[in-house]
Amino acid sequence: MSEQQIEISTFDRLAEIGQADWDACACPETADGGRPRDPFTTYRFLHALEASGSVGPGSGWQPSYLTASLGGQVIACAPLYAKSHSQGEYIFDHNWAHAYERAGGRYYPKLQIAVPFTPATGRRFLCRPGFEQTGMSALVQGAVQIAANSELSSLHVTFCTADEAEVGSEMGLMRRQTQQFHWVNHGYHDFDGFLGDLSSRKRKTIRKERARANAFGGTIRNLTGDEITPAHWEAFWMFYQDTGARKWGTPYLTRRFFDIAHETLRDDVALVMAEREGVPVAGALNFIGRDVLFGRYWGCIEDHPCLHFEACYYRAIDFAIEHGLKRVEAGAQGEHKLARGYLPVPCHSLHWVADPGFADAIARYLEAERAAVDDDIEILTSYGPFRRDQQEEQQ
């Protein structure tokens with residue numbers, strides 16, 4: 001099978017590829033009727049971003065979905081976008097852009113293989129079973145060639161898997177390592193089982209936080225599937241706008257995204273909703289993978305002590321234990337998660353830069369950054385809430 005036989009194509013609209021072909025590469029494991037490992041690379045999620053106008057004209061994320069076909073069959077695909085800024089990526093390259101432009105270069109537009117606005121690790125080179133090596137090789141070479149032919153500054157692959165990062169590095173891409181905080185389920189039967197692994201002081205602190213949060217004067221519920229109503233999305237849109245305005249200036253997702261989410265994604269969602277006197281006052285939005293609960297958004301219209309910790313972190317742990325999920329990925333940044341049982345783990349990305357001199361400078365920077373991140377993870381883990389014997393066992 002020669003790679004010369006493989007046809008590389010790009011598409012402005014996901015519908016031009018089709019759900020059957022896309023999902024055959026993105027989530028072939030759903031053939032058994034189960035959940036996808038990663039809900040964010042499914043056709044329904046990416047299409048919701050596109051159909052809602054969250055990506056596309058005016059967003060700075062212009063879809064250019066990439067496919068590799070062999071004998072008329074799509075064997076691999078990737079969520080590729082042309083970017084006119086570096087917002088909504090969560091693996092930051094603003095300093096690279098500033099340095100390149102100060103030197104007289106034009107950093108934007110660039111190419112990005114990613115799930116927009118979603119700092120969650122998952123496969124970025126989506127290959128039909130049996131074509132993993134051939135498909136990834138074709139997609140990497142195709143994306144680099146597109147960037148080079150278009151005289152773009154760079155190509156970036158963010159929140160890829162560790163395996164993809166290793167293979168991509170072997171193919172000549174530059175490997176970057178950052179970190180997030182994840183909670184790992186060590187076979188706990190309930191929340192108290194998790195607390196039993198913590199030091200006495202941390203255990204007491206979390207119990208106090210949960211008690212304060214649940215004494216806010218209302219109720220907190222976990223909702224999924226048909227338990228979620230359009231009214232819940234209307235309330236969550238208010239929460240999301242508040243958080244988006246404070247963090248990013250303007251929210252990334254449009255209101256229409258949440259309408260589409262209700263239609264096509266609510267079975268993938270675990271929504272935590274806090275209500276007081278029948279009025280929603282805060283909420284946290286999670287997406288459910290086959291083995292992982294992905295924490296995504298939080299917002300509120302009333303401030304109550306510890307309610308953020310309860311809705312985002314402790315209720316997520318409850319859900320993961322109840323449903324036998326292996327871990328909770330709580331999103332980008334946030335060392336405050338450490339005291340709540342979420343430990344630092346490495347995240348991976350891959351980068352190609354056209355200018356040889358600039359690429360060399362970035363490569364040297366990334367080497368030093370990887371060492372610093374490794375040290376940071378080791379130090380932060382030692383300050384985690386787990387008992388010493390549990391830390392040693394987990395390591």
Side-chain angles (χ1 to χ4, degrees), residues 37-38 90-91 119-122 159 161-163 165 177-215 220 222 270 272 284 286-296 298 305-348 369-395:
R37 290 190 182 91
D38 175 5
Y90 299 97
I91 291 179
T121 292
F159 292 100
T161 67
D163 288 344
Q177 182 171 296
T178 53
Q179 70 176 34
Q180 279 187 342
F181 293 85
H182 296 176
W183 178 86
V184 176
N185 185 355
H186 294 285
Y188 301 119
H189 295 294
D190 53 28
F191 196 89
D192 281 342
F194 156 61
L195 290 181
D197 280 353
L198 307 187
S199 67
S200 175
R201 184 170 61 88
K202 295 297 185 182
R203 189 162 56 240
K204 290 177 182 177
T205 297
I206 289 176
R207 283 180 171 145
K208 287 180 180 178
E209 286 185 346
R210 297 205 76 176
R212 290 191 74 188
N214 284 280
I220 305 173
N222 286 13
V272 179
N286 306 278
F287 280 83
I288 311 166
R290 178 166 286 216
D291 298 314
V292 183
L293 185 69
F294 300 92
R296 287 305 301 114
W298 146 268
C306 300
L307 188 56
H308 171 252
F309 301 146
E310 175 70 12
C312 292
Y313 308 135
Y314 302 142
R315 292 284 170 144
I317 291 172
D318 281 337
F319 188 95
I321 292 173
E322 180 183 354
H323 293 86
L325 302 180
K326 294 180 180 178
R327 67 182 185 275
V328 178
E329 295 191 13
Q333 304 172 304
E335 291 184 5
H336 61 280
K337 298 167 186 171
L338 184 67
R340 290 157 186 96
Y342 292 73
L343 296 182
V345 298
C347 296
H348 306 279
E369 185 185 47
R370 285 193 297 272
V373 169
D374 283 338
D375 289 344
D376 202 31
I377 288 175
E378 183 177 355
I379 293 169
L380 286 170
T381 300
S382 72
Y383 283 101
F386 291 89
R387 302 192 322 262
R388 291 299 176 192
D389 59 320
Q390 287 299 320
Q391 283 188 9
E392 292 170 2
E393 183 178 327
Q394 291 171 22
Q395 291 171 356

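Just so you know, these numbers use all the heavy atoms, side chains as well, and skip hydrogens, waters and symmetry mates.
A search for side-chain hydrogen bond (donor to acceptor under 3.5 Å, both in side chains) contacts involving Arg327 returns Glu329, not counting sequence neighbours. Residues meeting the side-chain contact (heavy atoms from CB on, under 4.5 Å) test with Asp192, sequence neighbours left out: Asp190, Leu195, Arg207.
In this structure, the separation between NE2 on His323 and CG on Asp318 is 11.0 Å, given to the nearest 0.5 Å. Interatomic distance, OG1 of Thr381 versus CG of Leu338, reported as 7.5 Å (0.5 Å rounding). A distance of 11.5 Å separates OG1 in Thr161 from CZ in Arg37, rounded to the nearest 0.5 Å. Rounded to the nearest 0.5 angstrom, Leu343 CG and Gln179 CD are separated by 11.0 Å. Leu293 CG to Trp183 CH2: the interatomic distance, rounded to the nearest 0.5 Å, is 10.0 Å. Remark: Arg201 CZ to Thr205 OG1 distance equals 6.5 Å, nearest 0.5 Å.
Between Trp298 and His308, the two ring planes are perpendicular [angle over 60°; tilted spans 30° to 60°].
When ring centroids are compared, Phe194 and His186 stay outside the 6.0 Å threshold.
In this structure, Pro119 and Arg296 have side chains that are in contact, with non-hydrogen atoms separated by less than 4.5 Å. Side-chain atoms of Tyr188 and Asp197, non-hydrogen and from C-beta on, do get closer than 4.5 Å to each other. The closest side-chain heavy-atom distance from Leu325 to Asp291 is not below 4.5 Å.
Considering Tyr342, Phe181, Tyr313 as possible partners of His336, the one that fulfils the ring pair (Phe, Tyr, Trp, His ring centres under 6.0 Å) test is Tyr313.
Applying the salt bridge (charged side-chain N to carboxylate O under 4.0 Å, His left out) test to residues at least two apart or on different chains, the pairs with a partner in residues 331-346 are Glu209-Arg340.
For the pair Ala213 and Cys306, the tightest heavy-atom approach, listed with the atom from each and the gap, is CB-O, 3.4 Å. Scanning both residues, Ala284 and Ala311, for their nearest heavy atoms gives CB-O, 3.6 Å. Pairing each heavy atom of Ala120 with each of Phe294, the nearest pair is CB-CD2, 3.7 Å. Taking each heavy atom of Gln180 and Cys347 in turn, the nearest pair found is CG-SG, 3.4 Å. Across all their heavy atoms, Ile377 and Pro346 have their closest contact at CD1-N, 3.7 Å.
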Apply side-chain contact (heavy atoms from CB on, under 4.5 Å) to the pair Val373 and Glu369, showing each step before the final yes or no.
CA-CA 6 Å; Val373 169; Glu369 185 185 47; 4.2 Å; yes

Test Val328 against Asn286 for side-chain contact (heavy atoms from CB on, under 4.5 Å), laying out the working first.
CA-CA 10 Å; Val328 178; Asn286 306 278; 5.7 Å; no

Derivation and outcome, side-chain contact (heavy atoms from CB on, under 4.5 Å), residues Thr178 and Tyr90
CA-CA 10 Å; Thr178 53; Tyr90 299 97; over 6 Å; no

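A donor-acceptor pair under 3.5 Å is formed between the side chain of Arg203 and the backbone N or O of Leu198.
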